[in-house]
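All remarks here apply to the structure that follows.
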Amino acid sequence: MKRIVVTGGAGFIGSCYVRYALKTYPELHVITVDKLTYAGNLDNLKEVDQKRHTFVKADIADAAAMEKAMEGCDAVVNFAADSHVDRSIMEASDFIATNVRGVHNILEAAKKLGTARILLVSTDEVYGSIEKGSFKETDALNPRNPYSASKAGGELLGMSYFHTFNSPVIVTRGSNTYGPFQYPEKVMPLFITNAIDDQPLPLYGDGKNVRDWLFVEDHARGIDHALRHGAPGNIYNIAGENERENVVLTHRILKEVGKGTDLIKPVKDRVGHDRRYSIDSHKLKALGWEPKMNWDEGVALTAKWYKDNEWWWRPIKDGSFKEYYKRQYEDREKA
Ligand code: NAD
Ligand code: TYD
């Protein structure tokens with residue numbers, strides 16, 4: 001592969017992927033296409049070799065822009081999405097526009113141009129909640145919030161293009177991802193930055209919901225592995241193999257930031273809150289990928305990054321995020 005388009009490359013996982021791909025493949029040219037929504041940030045791409053990187057500000061739902069960006073490319077890797085469950089509960093229309101219609105538009109552009117690989121980055125949330133055991137790629141989908149339903153819609157469209165038009169679509173379903181450059185609406189960076197500022201950590205419900213934590217570089221590597229070694233028409237789970245109750249995660253963060261448990265503030269639960277996510281990634285492991293980051297080290301490294309990089313997150317938290325935070329947490333805290 002010489003030239004690839006990465007959509008959503010100014011976001012958290014997408015930017016890690018761009019950094020990883022340019023570092024790993026010296027001949028590669030990456031074209032990042034990103035709309036720069038509230039979650040997109042060009043600071044995330046500061047350290048990439050700009051001689052082999054082109055940035056295009058565009059919406060994946062813009063057919064002409066996508067066709068132009070994808071022309072002459074060997075692959076498109078789609079990270080672009082509205083990605084936060086709580087926001088999808090507030091208002092889901094952007095989620096449908098990007099995660100379903102936007103993906104459809106990429107599939108159409110790829111069909112027209114004959115793009116050799118289309119990788120759609122999806123999520124373990126499409127399976128829904130599981131009490132015991134772990135979901136395999138062959139299990140039925142049961143998305144239970146507007147975000148995960150929109151992601152399921154996008155990937156189902158992708159698979160339908162494989163079956164109907166022979167489009168070379170590969171889907172990955174990753175676990176909850178953490179690491180540097182994650183927008184502070186998600187639990188890990190929210191709790192780390194709140195703890196740094198001695199602000200309460202709003203823990204939903206009984207705090208016993210379980211998430212599987214995957215370090216961002218392991219996720220980026222897994223996506224790249226599926227892109228290069230996976231087969232079209234296939235789906236690959238990417239697990240971190242680090243399942244933790246939210247309350248355990250919260251204690252671990254507090255310990256790392258050096259703050260007391262008095263900061264934990266139990267608040268009203270998320271509506272429709274999935275209890276546990278768990279996936280089995282033997283299929284991708286059989287192709288030679290495995291997660292490398294150890295949990296304790298990953299949390300320590302992530303907390304340190306937020307401590308050392310206030311220049312990155314403080315303007316976000318002092319800006320429009322404040323309004324969102326008030327809307328999202330004010331009533332919850334009263335409950
Ligand atoms: P993010 O919210 O940090 O970044 C999303 C990026 O997409 C931003 O740069 C944003 O500007 C861009 N974008 C949004 N709408 C767009 C549009 N219409 N056109 C062009 N660009 C647009 O998200 P993330 O956490 O990096 O997630 C990346 C992908 O990985 C998403 O598809 C998400 O569903 C998936 N995923 C995320 C996680 C996780 O824990 N964060 C886990 C599994 C899968
Ligand atoms: P989140 O980071 O939003 O990811 P997702 O909903 O996609 O799994 O949330 C991770 C877990 O943390 C989830 O069980 C909800 C919980 N959570 C809180 O307890 N408090 C918070 O303020 C947030 C944002 C999440």
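Every number for a ligand or one of its atoms is a count from 1 in the order of the listing.
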Atoms in ligand 1 flagged as close to Phe79, the criterion being non-hydrogen separation under 4.0 Å: 28 (C), 29 (C), 31 (C), 32 (O)
Can you name the atoms of ligand 1, numbered from 1 with element, that are less than 4.0 Å from a heavy atom of Thr98? 15 (N), 16 (C), 17 (C), 18 (N)
Determine, for Asp139 against Lys136, whether the closest basic-nitrogen to carboxylate-oxygen distance falls under 4.0 angstrom. no
Show the atoms of ligand 1 that are less than 4.0 angstrom away from any heavy atom in Leu36. 11 (O)
Tell me whether Trp213 has any N or O atom under 3.5 angstrom from an N or O of ligand 2. no
State the atoms of ligand 1, each with its element, that fall below the 4.0 Å cut-off from a heavy-atom position in Ala80. 7 (O), 20 (C), 21 (N), 22 (C)
Can you tell me if His84 has a non-hydrogen atom under 4.0 Å from ligand 2? yes
Less than 4.0 Å between a side-chain N and a carboxylate O, is that true for Asp206 and Arg275? yes
Ile238/Ser281 under side chain to side chain contact (heavy atoms under 4.5 Å, CB included): CA gap, chis, key distance, verdict: CA-CA 5 Å; Ile238 308 180; Ser281 48; 5.5 Å; no
Should Lys259 and Asp198 count as an ion pair when the cut-off is N to O under 4.0 Å? yes
Give a yes/no verdict on whether any heavy atom in Ser175 is under 4.0 Å from an atom of ligand 1. yes
Distance filter under 4.0 Å to Asn176 heavy atoms, resulting ligand 1 atoms: 40 (O)
Using a strict cut-off of less than 4.0 Å between a Lys/Arg side-chain nitrogen and an Asp/Glu carboxylate oxygen, indicate whether Lys112 and Glu67 qualify as a salt bridge. yes
Looking only at side chains, do Tyr17 and His219 share a donor and an acceptor under 3.5 Å apart? no
When only distance counts, is Pro202 in polar contact with ligand 2, meaning an N/O pair under 3.5 Å? yes
Is the shortest distance from a heavy atom of Met188 to ligand 2 less than 4.0 Å? no
Aromatic Tyr178 / basic Arg211 pairing, under 6.0 angstrom, 45° off normal: no
Among the heavy atoms of Tyr147, does any lie under 4.0 Å from an atom of ligand 2? no
Check: of Cys16, Ala81, Ala39, min heavy-atom distance to atom 14 (C) of ligand 1 comes from Ala81
